[in-house]
Each structure stands twice: as C-alpha cells, then as structure tokens.
Amino acid sequence: MSLRLIVAEDAVLLREGLIGLFERVGHTVVAAVGDADALEEAVRADRPDLIVTDVRMPPQLGDDGLRSAVRLREEYPGLPVLVLSQYVERSYALRLLDSGGGAGVGYLLKERVSAVTDFMAAIERVATGGAVVDPEVITQLVRLRQDPLERLSPREREVLALIAEGRTNAGLAKSLFLSEAAVNKHIGNIFNKLDLPVDTDGHRRVLAVLAFLRS
C-alpha cells in the first residue's frame, strides 16, 4: 500500500525521521509542517490519505495538534488521522477517537515508532478505516474512571490491551501463545465484566472499549 501523508511535528529531528521512515517503505509525504495552523492549511490545499500529527505544538504550545486533528475530522468526515504523543489529553483524545464513528483514527505514544513493523501496520490500519489505540492510552484514560479494570485478571488486561491495538483473535492467540478458544473465553469474560458488547470484528471491539471509556 502506497499512501500520501501529511506529517505535523514541531521537533525537527523526529519530523525528518518520520519522513525518511515513510519514504523508505514506499509512502509519499506531500507536506511536513511544524505547527497546527500549517497542518490545517496543508490539508485544505492537498487532502492526504492520512495525517500523522503530534499533540503539543505551536502556535500555543498546548494541545494544538490534537485540536486541529479534531477540527479537520469534523471538516472532512472520514479523514484518517493518527496522533503521536508523549502524553494523553483526555477530553480531546476522546473527542478525536469518537469522531467519524471511530473509523480511521488512532492515538499512539511516540515510543511505538521504534517498533517499525507494528507502527507501519498501524498506519495502514488507520488509513483503511480501522482504529488503533495505544495500550498505555487506554490505561491512562481508564484510570480517570477510578480504574474499573480492577475487575479484570492480569491475563484479561493483557488481552484487552491487544484488543485496543486492533488485533484479531488469531493475532491475540499468537501474541499470547494461547489457543483461539482460550482467547475467545478471555474476550467474553472481559466484555461481560465491563458490560461491553461481544463482537468478532476487531474494529468494532476497539470502538466498544472506547464506548466504555466515554460512558
């Protein structure tokens, strides 16, 4: 898959690193900018297949990148956006993940970029309408709800983290060295304990986790 990307990152070294990484695997970076205003201008000038943006950047050095991502998703429904961040900003994170029905959206911590194969898989998943959420993002958002995950066993927490990444049942089984039957049992237990709908579609399962966080 060859994608046309816009990269928004105010740290020059990381921005150049992302450009080089994307181009090495066959993607085209049509614009690379260092502030949120320039991001919005670039998208309006040449709508890409995917935006990859930081959260904290000029002009206000607050969560400008995330706010711009939310605005662009409202302006261009279905525009795929992957946010890379060093921290989680709860209200806008949930607004972003909820936008467009949760399709074509992701929120990863920057440290995940070093796992190149997984990072590129996340890029393609978001670009094709999937949802990807960093396990640490899920953990931090859940903590703000007085940690209802206390109901889950350690293994169930592992399974939930992989569900949040958009893994299929087969992918879960391979990662955890379990049978698919065992994975199905864990998923059923998780969804029962958290009052989430059971669904075999990986994308819908991510949305179910987000729905729980928003409630």
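FYI, the numbering just counts along the sequence from 1.
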Less than 3.5 Å apart, which donor and acceptor atoms pair up between the side chains of residues 120-135 and the rest of the protein, not counting sequence neighbours?
from, atom 1, to, atom 2, distance (Å)
Arg125, NH1, Glu165, O, 2.7
Thr128, OG1, Glu124, O, 2.8
Thr128, OG1, Arg125, O, 3.2
Asp134, OD1, Arg112, NE, 3.4
Asp134, OD1, Arg112, NH2, 2.9
Asp134, OD1, Glu136, N, 2.8
Asp134, OD2, Leu109, N, 3.2
Asp134, OD2, Arg112, NE, 2.5

Return all side-chain donor-acceptor pairs below 3.5 angstrom for residues 9-24, not counting sequence neighbours, or 'none' if the list is empty.
from, atom 1, to, atom 2, distance (Å)
Glu9, OE1, Lys110, NZ, 3.1
Glu9, OE2, Ala11, N, 2.9
Arg15, NH1, Glu9, O, 2.6

Return all side-chain donor-acceptor pairs below 3.5 angstrom for residues 41-52, not counting sequence neighbours, or 'none' if the list is empty.
from, atom 1, to, atom 2, distance (Å)
Arg44, NE, Glu75, OE1, 3.2
Arg44, NE, Glu75, OE2, 3.1
Arg44, NH1, Glu40, OE1, 3.4
Arg44, NH2, Glu40, OE1, 3.1
Arg44, NH2, Glu75, OE1, 2.9
Asp46, OD1, Arg4, NH2, 2.5
Asp46, OD2, Arg4, NH2, 2.7
Asp49, OD2, Arg4, N, 2.7

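Considering all non-hydrogen atoms of both residues, Met57 and Gly65 come closest at CG-N, 3.8 Å. Contact between Leu178 and Ala182 at its shortest, heavy atoms only, is CB-CB, 4.3 Å. Nearest approach of Asn169 to Glu180, heavy atoms of both residues: CB-OE1, 4.1 Å. The shortest non-hydrogen separation linking Glu158 to Leu176 is OE2-CD2, 3.9 Å.
Considering only residues two or more places apart in sequence or on other chains, Asn189 meets the side chain to side chain donor-acceptor pair (under 3.5 Å) condition with none of them. Residues satisfying the side chain to side chain contact (heavy atoms under 4.5 Å, CB included) test with Pro59, not counting sequence neighbours, are Ala36, Asp37, Asp64. Checked against side chain to side chain donor-acceptor pair (under 3.5 Å), Glu74 has the following partners two or more places apart in sequence or in another chain: Arg95.
In summary, of the residues considered (Leu108, Leu5, Thr53), a side-chain contact (heavy atoms from CB on, under 4.5 Å) with Leu82 occurs for Leu108 alone.
In this structure, a donor-acceptor pair under 3.5 Å is absent between the side chains of Arg56 and Ser85.
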